[in-house]
2 protein chains.
Amino acid sequence: MPKPTFFNLPPEKREAIEAQAIREFGENTFERASLSKIVENCGIAKGSMYQYFEDKLDLYLYIVELAYAEKRRYVERAYAVPGDIFQVLEAYYRESLRFALEHPALHKVANKFWESRGQHLDKTIDQVRASRASDFRAFLQDAMESGVVNGELDPEAVFFVYHAVGKALIDQFGEKVDSTFLCCVLDVLKYGLRARKGEPL
Amino acid sequence: MPKPTFFNLPPEKREAIEAQAIREFGENTFERASLSKIVENCGIAKGSMYQYFEDKLDLYLYIVELAYAEKRRYVERAYAVPGDIFQVLEAYYRESLRFALEHPALHKVANKFWESRGQHLDKTIDQVRASRASDFRAFLQDAMESGVVNGELDPEAVFFVYHAVGKALIDQFGEKVDSTFLCCVLDVLKYGLRARKGEPL
DNA sequence: CCTCTATGTGACCACCCAGTCATATCTGCA
DNA sequence: TGCAGATATGACTGGGTGGTCACATAGAGG
């Protein structure tokens with residue numbers, strides 16, 4: 001958590017610091033990113049940074065939380081979408097793509113987060129990953145029990161595939177992946193998962 | 001390329017250097033890996049390393065090539081497998097898994113390669129990636145034209161999915177992924193890709 | 001005007017890194 | 001034995017990093 005001093009700062013200065021940190025942490029993982037470069041680009045002294053934050057990790061976690069707070073504002077709409085798991089997932093990735101296009105810098109921060117190493121970050125990341133995984137697994141299990149997703153498939157394998165493809169999609173939002181490509185990819189998955197009547201496996 | 005001096009070394013010394021380098025480059029990306037630690041673990045002087053190799057990158061590329069040369073010995077058998085694209089792909093990943101289990105250290109080097117950055121590595125990696133991608137795309141196109149893979153799907157999307165899942169599989173060989181899990185995952189993909197008669201998309 | 005507190009500063013520290021080079025040692029040959 | 005070329009060495013350089021600290025400044029209240 002930032003120190004109180006940080007929030008006493010004139011907003012324009014605070015936002016300048018956030019902007020430069022977002023830039024640096026969007027272009028580099030935590031350990032590659034350079035605090036020295038951030039303060040240089042802000043035009044403030046190294047020591048000042050330590051009036052605002054405990055250390056590099058404190059600043060980093062604040063910026064990452066900033067990015068994910070904004071991303072949540074987009075993505076949470078997907079949970080309210082009526083329809084089966086395929087419609088919810090499509091909405092999720094669509095909102096995720098909108099976030100990436102409207103906040104490219106924050107999107108890059110969020111992506112680089114998963115590649116970051118060092119300090120206690122490793123464990124933090126593993127925890128976040130595990131928590132998300134368990135949410136998705138439960139969501140998937142419902143869909144399999146209700147018959148929307150082919151129940152003959154190995155649930156762990158289905159999760160594995162979705163996880164891998166989802167990560168690859170998000171990694172490439174705004175590069176290879178646009179709205180129509182997104183649909184094509186999801187279709188490849190869907191028509192592999194959807195329960196098929198009559199035709200045996 | 002290593003300097004001639006390196007190959008004049010007594011084999012046990014040469015292999016000790018290779019072993020320590022493999023260890024370091026298996027645990028760290030190129031830029032994180034420390035030459036100082038390698039020489040320390042080998043019990044040789046820093047300067048000696050520069051009698052054998054031009055620089056850190058030279059050593060790294062030698063080690064990576066070592067790893068991929070061994071991996072090729074396994075994987076190339078897959079190309080000779082008779083059968084459709086699914087059988088070839090399964091053979092490919094199966095051999096790949098065998099390599100990972102029998103040469104875990106080399107497997108880690110090969111995996112970390114793709115995450116590595118710095119010097120001219122970025123461009124080299126992009127080239128290798130592009131070359132592999134184009135091979136696989138061609139292989140896939142054949143399979144789609146011959147009707148083994150559902151021709152109604154977007155070829156780029158199919159490639160995208162296979163690429164994402166393939167990378168995730170290889171990343172986790174020996175951890176989450178064993179032989180039976182591999183088959184389950186490939187099945188999820190296959191039954192999404194296989195041409196289906198009668199049933200409309 | 002003085003004082004007290006909050007904030008700003010940048011030289012400085014300890015650490016790690018890749019890469020260099022003058023020097024020492026070894027080895028094989030004459 | 002002596003010489004020459006090949007090989008080994010590790011202190012050293014220059015550059016980067018995160019983090020610290022004694023000091024400078026600013027602003028508010030009496």
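First the proteins, then the strands, lettered A, B, ... as listed; each starts at 1. Just the heavy atoms: all of them, side chains too, but no hydrogens, waters or symmetry mates, feed the values below.
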- Query: Taking protein heavy atoms under 4.0 Å as touching, what does nucleotides 3-20 of chain C look like 5' to 3' if B marks base contact, S marks sugar-phosphate-only contact and - marks none?
  - Reply: ----SBBB------SBBB
- Item | Steps toward salt bridge (charged side-chain N to carboxylate O under 4.0 Å, His left out) verdict (B:E31, B:R117) | CA-CA 6 Å; B:E31 56 185 359; B:R117 298 289 132 101; over 6 Å; no
- Message: B:F160: which residues meet the ring-ring contact (aromatic ring centres under 6.0 Å, His included) condition with it, sequence neighbours left out?
- Response: A:F181
Enumerate, atom names and distances included, each donor-acceptor pair closer than 3.5 Å involving a side-chain atom of residues 104-112 of chain B, sequence neighbours excluded.
{"from": "B:H107", "atom 1": "NE2", "to": "B:N111", "atom 2": "ND2", "distance (Å)": "3.4"}
{"from": "B:H107", "atom 1": "NE2", "to": "B:I170", "atom 2": "O", "distance (Å)": "3.3"}
{"from": "B:N111", "atom 1": "ND2", "to": "B:I170", "atom 2": "O", "distance (Å)": "3.4"}

Taking distance alone, no hydrogens or angles, what donor-acceptor pairs closer than 3.5 Å link side-chain atoms of residues 140-149 of chain A to residues at least two apart or in another chain?
{"from": "A:Q141", "atom 1": "NE2", "to": "A:E145", "atom 2": "OE2", "distance (Å)": "3.3"}
{"from": "A:S146", "atom 1": "OG", "to": "A:D142", "atom 2": "O", "distance (Å)": "3.3"}
{"from": "A:S146", "atom 1": "OG", "to": "A:A143", "atom 2": "O", "distance (Å)": "3.3"}

- Task: Could I get the full list of side chain to side chain contact (heavy atoms under 4.5 Å, CB included) partners for A:V88, not counting sequence neighbours?
- Result: A:F139
- Task: Kindly write out the residues that satisfy side chain to side chain donor-acceptor pair (under 3.5 Å) with A:S96, not counting sequence neighbours, or none if the list is empty.
- Result: A:K71
- Message: I'd like to check the side chain to side chain contact (heavy atoms under 4.5 Å, CB included) partners of B:R72; sequence neighbours left out, ordered by chain and number.
- Response: B:E65, B:Y68, B:A69
- Message: According to ring-ring contact (aromatic ring centres under 6.0 Å, His included), who are the partners of B:Y74, at least two apart in sequence or on a separate chain?
- Response: B:F99, B:H103
- Sequence neighbours excluded, which residues qualify as side chain to side chain contact (heavy atoms under 4.5 Å, CB included) partners of A:E18? A:F6, A:R14, A:E15, A:Y62, A:L66
- Query: Reading DNA chain D 5' to 3', which nucleotide is the first, and which the last, to come under 4.0 Å of any heavy atom in chain B?
  - Reply: D:dT7 to D:dG10
- Residue-level proximity of residues 108-116 of chain B to DNA chain D when a heavy atom falls under 4.0 Å: none
- Query: Quick one: side chain to side chain contact (heavy atoms under 4.5 Å, CB included) partners of B:K167, sequence neighbours excluded?
  - Reply: B:D171
